[in-house]
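Keep in mind that this is a model prediction, so the values were computed, not measured.
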Amino acid sequence: MKKKWLMIVPAIALTTAPIHLQATEVSAEEMVQSSEIPPELEPILAVALEHQPTLQHGSVRVEVELVQVKLSHFGYETVRDGIFGHETEQQVRQFQQDYDLEVDGVVGVHTWTELIGEDRVSFTIEDAITFAEEELNNDDLIFSSNGILHEDSDGNTFYSIRASSQDLIDGGGTGTVGFYDVFSDGTVREAEPR
């Protein structure tokens, strides 16, 4: 009988005791997006996915910090210290398993794509024209494009750009001197018109 009362009395006390809840207000300034990338890590996002370093246990570099931030964003709590240690490797493995990636604990191109794909700095036609201007380095050339972003069989994105000579246009011609595929990593390749 005593055992029964020992269980009933605390249960009654819990249900009859007043519960005090404290209301709190959160301003918009206090709310922080968990997906926010720290400013010092944002330049990493401008590097094409295929040019991101392969990271694995033992890697010590700023890109590891970005991986740790993104893992935490996805719910895989990881200390941000820039060291790819045992904890980071375990979280990478769990992330890979949950996202149907090869579970090897290595951050390669496919894992990078899943981790930072949503945060990638987008590749615009203006970026492509800038790459072409730098690569071809000819003040007489002007560039144009239909603005359609293409993808090759390896998943690399590019714009098809027409290069025209201002001198030829001024002389009454079409001015077209060539066509180029300009990729998101800055590669410029001579191509056929699209």
Side-chain angles (χ1 to χ4, degrees), residues 28 31-55 59 61-74 80 82 92 95-96 98-102 106-194:
M31 293 182 68
V32 177
Q33 291 291 332
S34 61
S35 65
E36 190 175 297
I37 303 296
E40 67 273 17
L41 300 179
E42 285 180 3
I44 300 168
L45 299 174
V47 177
L49 293 168
E50 60 272 14
H51 293 292
Q52 293 289 354
T54 300
L55 303 173
S59 296
R61 52 190 305 154
V62 70
E63 290 87 354
V64 174
E65 286 186 54
L66 179 61
V67 168
Q68 292 166 332
V69 166
K70 290 304 295 180
L71 284 169
S72 293
H73 163 72
F74 282 104
R80 178 185 162 195
V92 167
F95 177 83
Q96 289 171 328
D98 293 347
Y99 283 82
D100 296 323
L101 300 167
E102 180 183 352
V106 175
V107 179
V109 97
H110 298 296
T111 303
W112 272 116
T113 300
E114 288 296 326
L115 280 172
I116 68 171
E118 68 183 33
D119 296 311
R120 288 275 305 134
V121 175
S122 61
F123 176 52
T124 66
I125 188 62
E126 289 79 17
D127 296 330
I129 289 173
T130 299
F131 290 149
E133 288 172 343
E134 291 171 358
E135 179 70 24
L136 300 174
N137 194 21
N138 184 332
D139 293 336
D140 180 50
L141 295 178
I142 54 175
F143 300 93
S144 60
S145 173
N146 61 8
I148 296 173
L149 186 63
H150 302 278
E151 185 172 305
D152 68 12
S153 59
D154 295 325
N156 301 312
T157 55
F158 66 94
Y159 288 99
S160 180
I161 293 181
R162 176 195 317 224
S164 301
S165 166
Q166 187 63 55
D167 288 342
L168 292 176
I169 293 171
D170 292 342
T174 63
T176 302
V177 293
F179 292 88
Y180 299 89
D181 290 340
V182 182
F183 291 80
S184 59
D185 66 355
T187 302
V188 178
R189 293 187 189 139
E190 194 166 355
E192 296 296 322
R194 295 187 189 276

### Query
Taking it one step at a time, do S165 and D167 satisfy side chain to side chain donor-acceptor pair (under 3.5 Å)?
CA-CA 5 Å; S165 166; D167 288 342; 4.9 Å; no
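- Note: N156 CG to S184 OG = 6.5 Å, rounded to the nearest 0.5 Å.
- Looking at T187 and V182, their side chains never come closer than 4.5 Å, going by heavy atoms from C-beta outward.
- Taking the side chain as every heavy atom from C-beta outward, F183 and D152 approach each other to under 4.5 Å.
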### Task
Tell me, with the steps shown, if I142 and I169 meet side-chain contact (heavy atoms from CB on, under 4.5 Å).
CA-CA 10 Å; I142 54 175; I169 293 171; 3.7 Å; yes
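- The two residues V92 and V106 have their closest heavy-atom pair at CG1-N, 4.3 Å.
- L101 meets the side chain to side chain contact (heavy atoms under 4.5 Å, CB included) test with F95, Q96, Y99, H110, T111, E114; sequence neighbours excluded.
- Counting all heavy atoms, side chain and backbone alike, S145 lies closest to S160 at OG-O, 2.9 Å.
- Atoms CG and CD1, on L66 and I44 in that order, are 5.0 Å from each other to the nearest 0.5 Å.
- Put simply, CZ on R194 and OH on Y159 are 14.0 Å apart, with the number rounded to the nearest 0.5 Å.
- The shortest distance between side-chain heavy atoms of L55 and E63 falls below 4.5 Å.
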### Message
What verdict does the side chain to side chain donor-acceptor pair (under 3.5 Å) test give for Q166 and D170, after you've listed the backbone C-alpha separation in whole Å, the side-chain angles of each residue and the deciding distance to 0.1 Å?
### Response
CA-CA 6 Å; Q166 187 63 55; D170 292 342; 2.9 Å; yes
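- Under a 3.5 Å cut-off, the side chain of W112 and the backbone N or O of H51 do not form any donor-acceptor pair.
- When all heavy atoms are compared, the tightest approach of G186 to F131 is CA-CD1, 3.6 Å.
- With contacts defined as side-chain heavy-atom distances shorter than 4.5 Å, the pair K70/I37 qualifies.
- Using a 4.5 Å cut-off on side-chain heavy atoms (C-beta onward), E190 and D181 make no contact.
- Applying the 6.0 Å contact sphere to CD of E40 captures more than 12 heavy atoms from other residues, nucleotides or ligands.
- In this structure the side chain of I148 reaches within 4.5 angstrom of the side chain of H150, judged on heavy atoms.
- In this structure, E133 and N137 have side chains that are not in contact, with every pair of non-hydrogen atoms separated by 4.5 Å or more.
- Atom CZ of F74 sits about 6.0 Å away from atom CG of L115, to the nearest 0.5 Å.
- Here the closest non-hydrogen pair linking G175 and L168 is CA-CB, 3.7 Å.
- By the neighbour-count criterion of 12 heavy atoms within 6.0 Å, atom CG of N146 is densely surrounded, having more than that number from other residues, nucleotides or ligands.
- Contact of the V107 side chain with the T54 side chain is not registered, since no non-hydrogen atoms from C-beta on lie closer than 4.5 Å.
- With a 6.0 Å cutoff to the six-membered ring centre and a 45° limit on the axis angle, R162 does not count as a cation-pi contact of F143.
- With rounding to the nearest 0.5 angstrom, the CD atom of Q68 is 8.5 Å from the CZ atom of R80.
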